[in-house]
Amino acid sequence: MTKPLYKGSEWDMELIETLWKHIEDIGRNTFGFDPYEAQIEIISSEQMLDAYSSVAMPILYNHWSLGKTFIQNERQYQKGMQGLAYEVVINTNPCIAYLMENNTATLQALVLAHASVGHSHFFKNNYLFKGWTDADTIIDYLKFAKKYIKSCEEKYGEKEVEYLLDACHSLQNHGVDKYRKSPKLSAELAHNRKKEWSNYFENTFNDLWRTIPKTGTNEPEKGTEERHTNEENILYFIEKHSPILEDWQREIVRIVRKISQYFYPQRQTQLMNEGFATFTHHLIMTEMHDKGLLDDGSYLEFLQSHSNVVTQLDWDHKYYSGINVYALGFAMYQDIKRICENPDEEDLKWFPAIANTNWLETIKDIAANYRDESFVLQFLSPKVARHFKLFSIHIEQNKEYLRVNATHDDESFLQVRKTLAEQYDLSRAIPQIEVVHVDWKGDRTLYLEHITKNRQRLNHKDARETMAFIHELWGFPCDIQYVDLEGNPLD
């Protein structure tokens, strides 16, 4: 019988290394997961709060919003209104996992399996992360960004840089490419790009290669007005074509845009990612207990922590804040495993393609090739819908009541699944706004269109403030028009 790796709650770095050795071995060799190499950091509660404010990145440029976030989280934590995560993990190669120093030994094992195997495998293999992020170079780019913005503050003034960052941050949601696949750099090109970043400062301030038209002096190149239409990435359009921005300002716009793009896949896969990591840590911790590496007491401690993570609060609970992504994601992966191994008649009806297949290969294929919206739309089962008591409601106009228009029965389950999937569709949460025209031959007005859904317009105050930032970045008049899905202007 294998001897347990530890007893009690105390741990040291030697135990952490031993735990990781066994967890990685089980993850890779027993279940065939393919995570990045791991970099494990032990941090304090204050460092965890700092990680919250900087979206967990170890290096990030300075901005007042980061300090504001830190103070808000710190006050809530000190008042007992907010707990801290057991870990934070970021999409880098090696994959960096921050573990809280006050975790017990069992919690450290749980978060190693959760973050350094589960999340890391998802980062490395999901198509969105593979297509839109480069885990090998992000840290180098963040170093460049921090150093570059600091140099701009010294050269042009902190207030000037801060206002530019404010303007760019207001457009972060409109600084990403949503559909076009980013070309991957070859290893040689990636290496050359790093060298370019390190030598960028001298080139940036060399006036000999400034070719951007300045206000009131030069006209745009021939044919510009025909090419620059229907661009969804507003920050990209401003970076490339603003008539007033200096080169250093364009580079800061680019920095904000690139970092926003880097985090976009995480926003599209939160349910899948957290569900997969939770499913993974449950597999690995159970396997460790079965092998005798965890004693019964440690395994019971794990089950209690795991149960807390996947608890779905009732709608009338005072702390209810919607569907728990850990709970729903874990339940869906567990249900997919059940359908693969032991499908019933209902499963054979709804999921003939995955019934009686290899559950591990099926789950890894799903984790690699879907995002939250399509994951729910394809794999939410009536069984899970019943467990979560899901139903769809329809708001009757000019009525004082709500109408339940779908439940989890055979006749209306598809509507429930579709409605839930739409809640994970970022295109419904983020307004669809595009650059459609620039009056290059006239007053250079920048024309935007908001493609509305159900004729719903933007919040007037937010729209006015954001348009003011766009005007500052563009330097000339800006106008936005509301259109329906067919492109017809709204009244």
Side-chain angles (χ1 to χ4, degrees), residues 45 48-49 52 69 72-73 75-89 100 102-104 106-107 110-111 113-115 118-119 266-282 285-286 300-338 372-373 375-377 379-395 401-409 412-413 415-426 428-429:
S45 58
M48 180 63 78
L49 288 166
Y52 281 8
T69 301
Q72 288 174 335
N73 288 327
R75 287 177 177 173
Q76 288 185 318
Y77 174 64
Q78 291 174 346
K79 292 178 180 178
M81 299 170 61
Q82 173 182 308
L84 294 180
Y86 300 140
E87 50 76 28
V88 169
V89 60
M100 284 279 286
N102 58 347
N103 289 344
T104 66
T106 298
L107 276 179
L110 184 158
V111 298
H114 182 93
H119 281 311
Q266 297 191 29
R267 301 177 62 189
Q268 294 178 291
T269 57
Q270 185 184 18
L271 170 68
M272 287 190 68
N273 201 343
E274 295 297 356
F276 183 82
T278 305
F279 178 78
T280 299
H281 80 226
H282 187 269
M285 294 295 282
T286 300
L300 285 173
E301 180 189 349
F302 155 70
L303 289 176
Q304 182 181 29
S305 298
H306 172 79
S307 297
N308 290 337
V309 168
V310 299
T311 295
Q312 175 60 58
L313 299 177
D314 292 333
W315 66 271
D316 57 350
H317 194 283
K318 65 178 180 179
Y319 294 124
Y320 175 79
S321 59
I323 295 177
N324 178 356
V325 293
Y326 295 87
L328 180 60
F330 177 71
M332 288 183 64
Y333 282 113
Q334 284 283 80
D335 194 53
I336 291 167
K337 181 176 182 291
R338 178 192 62 80
D372 287 350
E373 176 197 2
F375 178 57
V376 172
L377 199 58
F379 299 107
L380 178 70
S381 71
K383 184 179 186 298
V384 173
R386 287 192 295 269
H387 174 74
F388 281 84
K389 301 180 177 65
L390 300 178
F391 59 90
S392 173
I393 61 174
H394 176 72
I395 301 176
Y401 58 84
L402 303 176
R403 179 167 60 87
V404 177
N405 66 342
T407 61
H408 39 67
D409 58 26
S412 57
F413 168 67
Q415 180 59 43
V416 170
R417 190 159 69 177
K418 178 175 180 293
T419 301
L420 182 61
E422 288 174 351
Q423 295 185 26
Y424 294 100
D425 182 1
L426 280 187
R428 292 178 174 271

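Being a predicted model, the structure only gives us computed values, none of them experimental.
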*Closest heavy-atom contact between Ala385 and Leu380?*
N-CD1, 4.5 Å
*Nearest-0.5 Å distance that lies between atom CD in Gln268 and atom CZ in Phe375*: 15.0 Å
*Below 4.5 Å, heavy atoms only, C-beta onward: do Ser305 and Thr106 meet side chain to side chain?*
no
*Nearest heavy-atom pair of Val309 and Asn324: which atoms, and what distance?*
O-ND2, 2.9 Å
*Enter the distance from Phe302:CZ to Ser307:OG here, rounded to the nearest 0.5 Å.*
8.0 Å
*Donor on one side chain, acceptor on other, Gln415 and Thr419, under 3.5 Å*: yes
*Should Tyr320 and Asp316 count as side-chain neighbours, where that means a heavy-atom distance under 4.5 Å?*
no
*Indicate yes or no: at least one non-hydrogen side-chain atom of Gln423 is less than 4.5 angstrom from one of Glu373.*
no
_Interatomic distance, Leu271 atom CG to Tyr326 atom OH [nearest 0.5 angstrom]_ = 11.5 Å
_Can you tell me how the ring of His282 sits relative to the ring of His306, calling it parallel under 30°, perpendicular over 60° and tilted otherwise?_
tilted
*Using the test salt bridge (charged side-chain N to carboxylate O under 4.0 Å, His left out), find all partners of Arg428 that sit at least two apart in sequence or belong to another chain.*
Glu422, Asp425
*Hey, what do you get for CZ (Phe330) to OG1 (Thr280), rounding to the nearest 0.5 Å?*
10.0 Å
*What do you reckon, is NZ of Lys337 surrounded by more than 12 foreign heavy atoms closer than 6.0 Å?*
yes
*Counting heavy atoms not belonging to Phe391, are there more than 12 under 6.0 Å from its CZ?*
no
*Asp372 side chain to Gln270 main-chain N or O, any donor-acceptor pair under 3.5 Å?*
yes
_Non-hydrogen atoms of Val310 and Ala327 that approach each other most closely_ = O-CB, 3.2 Å
*Rounded to the nearest 0.5 Å, what's the gap from CG on Leu328 to CZ on Phe388? Could you check?*
5.0 Å
*Check Met332, Met272, Arg417 against Phe379 for a side chain to side chain contact (heavy atoms under 4.5 Å, CB included) and give me the one that passes.*
Met332
*Thr269: what forms a side-chain hydrogen bond (donor to acceptor under 3.5 Å, both in side chains) with it, not counting sequence neighbours?*
none
*Report the distance from atom OG1 of Thr278 to atom NE2 of His114, rounding to the nearest 0.5 Å.*
4.5 Å
